[in-house]
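Scroll down for the structure; my scribbles are underneath it.
Values in this document were obtained by computation on a predicted structure and should not be read as measured data. Every chain is numbered from 1, with letters handed out A, B, ... down the list of sequences.
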2 protein chains.
Amino acid sequence: MYKICLPKILMYICLMYTSELIKGTLKTIILNLLKERGKMYGYEITQTVKEMTNGKIQITEGALYPTLHSLEKKGDIGFEKEYIGKRVRKYYTLTDQGQKTAQVKVNEFADFIETMKYLLDIDSKTSNA
Amino acid sequence: MYKICLPKILMYICLMYTSELIKGTLKTIILNLLKERGKMYGYEITQTVKEMTNGKIQITEGALYPTLHSLEKKGDIGFEKEYIGKRVRKYYTLTDQGQKTAQVKVNEFADFIETMKYLLDIDSKTSNA
DNA sequence: TTTTATACCTAAGAAACTTATGTATAAAAT
DNA sequence: ATTTTATACATAAGTTTCTTAGGTATAAAA
């Protein structure tokens with residue numbers, strides 16, 4: 001769909017990753033952001049991730065909100081409603097359990113990266129060989 | 001299920017990754033292996049990945065075979081049957097198209113890794129902080 | 001001779017998304 | 001003034017990609 005990828009000098013440019021890759025990392029991303037920023041609301045999370053990744057990772061609301069509800073149900077996050085005029089925001093924060101979950105998930109992903117780099121022989125060859 | 005993870009000195013040890021993470025990388029793994037090794041049969045792929053990752057990534061046959069069939073249908077790989085006694089092996093090889101797909105997928109994943117490292121602030125903090 | 005390893009396969013179900021849709025307020029543009 | 005865009009929440013149907021569970025068969029090891 002939005003998979004318009006262009007080659008460039010020494011860098012692989014892709015407007016957006018295939019959803020396959022992002023699949024499975026959403027919880028990790030959310031938990032880590034909450035860990036680093038204290039409290040955030042849903043829409044803010046989508047915008048922050050989009051900005052930080054130059055649009056390469058765009059979290060859809062259809063993916064975000066069910067995930068937030070799921071994390072809350074499992075006790076990793078909690079929220080407080082805040083009104084900006086008449087418009088509501090649900091500010092989420094990590095619970096103690098969520099702090100641990102965040103650390104575990106990030107560590108696991110970091111380990112996964114190293115394994116995949118070895119398996120795919122990344123770093124020992126240039127991107128545009 | 002097999003998510004028994006233990007802390008260790010400066011290293012995060014996990015017997016096997018949650019399936020969430022591996023999800024989406026299977027095609028990339030298969031195509032890259034075929035690129036590096038020329039030809040391989042299904043069972044050999046599962047064993048090779050298991051060995052190379054010390055059991056951290058274990059491709060199930062229920063995931064592998066449908067993926068191989070899908071890649072073949074899309075024209076990325078082809079196969080030749082080979083008989084070892086009465087037992088059959090399907091040796092898969094990359095097509096020209098598959099060579100390109102492999103390169104694109106690995107590059108995309110390498111880029112994804114860099115983005116995620118930035119997003120999750122990996123490398124700038126130790127695993128067991 | 002039974003178990004394990006090798007080697008292929010499919011089908012039902014689960015998980016985690018996308019796409020589409022809905023509601024409503026506030027700001028910006030025409 | 002009115003239309004569009006941005007903000008902010010949400011759900012539901014459908015798709016993809018896996019897991020789990022089953023099936024078939026040969027060869028080697030216990």
Among D:dT19, D:dC18, D:dT26, the one nearest B:T67 by side-chain distance: D:dC18

Separation of D:dT17 P from B:I57 CD1 (nearest whole Å): 17 Å

Between C:dA7 (P) and B:Y41 (OH): distance, integer Å: 4 Å

Rounded distance (Å) that lies between atom C1' of D:dT17 and atom NE2 of B:H69: 16 Å

d(CE, B:M40; P, C:dC8) in whole Å: 11 Å

Short N-O contact, A:K39 and A:E44, less than 4.0 angstrom: no

Euclidean distance, atom CD of residue B:E80 to atom C1' of C:dC8 [Å, nearest integer]: 17 Å

Interatomic distance, A:K73 NZ vs C:dA15 C1' [rounded to whole Å]: 14 Å

Contact nearer the 5' end of DNA chain C, comparing A:G85 with A:G62: A:G62

Sugar-phosphate only, base, or nothing, as touched by A:K81 at under 4.0 Å among non-hydrogen atoms: nothing

Over 12 non-hydrogen atoms of neighbours within 6.0 angstrom of NZ in A:K90: yes

Among C:dA5, D:dT17, C:dT10, the one nearest B:R87 by side-chain distance: C:dA5

ILVMFWY network linking B:L68 to B:V88, side-chain heavy atoms under 4.5 angstrom: no

Within 6.0 angstrom of A:Q47 CD, more than 12 heavy atoms from elsewhere: yes

Distance in angstrom units between A:I84 CD1 and C:dA26 P, rounded: 10 Å

Sugar-phosphate, base or nothing in reach of A:E61, heavy atoms under 4.0 Å: base

A:K27 or B:Y65, whichever maps to the more 5' nucleotide of DNA chain C: B:Y65

side-chain N/O B:K86 vs C:dA7 OP1/OP2, d < 4.0 Å: no

A:Y43 OH - C:dA26 P separation (whole Å): 15 Å

Nearest-nucleotide comparison on DNA chain D, the residue closer to the 5′ end among A:A63 and A:V88: A:V88

Complement of D:dA8, any strand, by Watson-Crick or G-U distances under 3.5 angstrom: C:dT23

Under-4.0 Å salt bridge between B:K56 and A:D111: yes

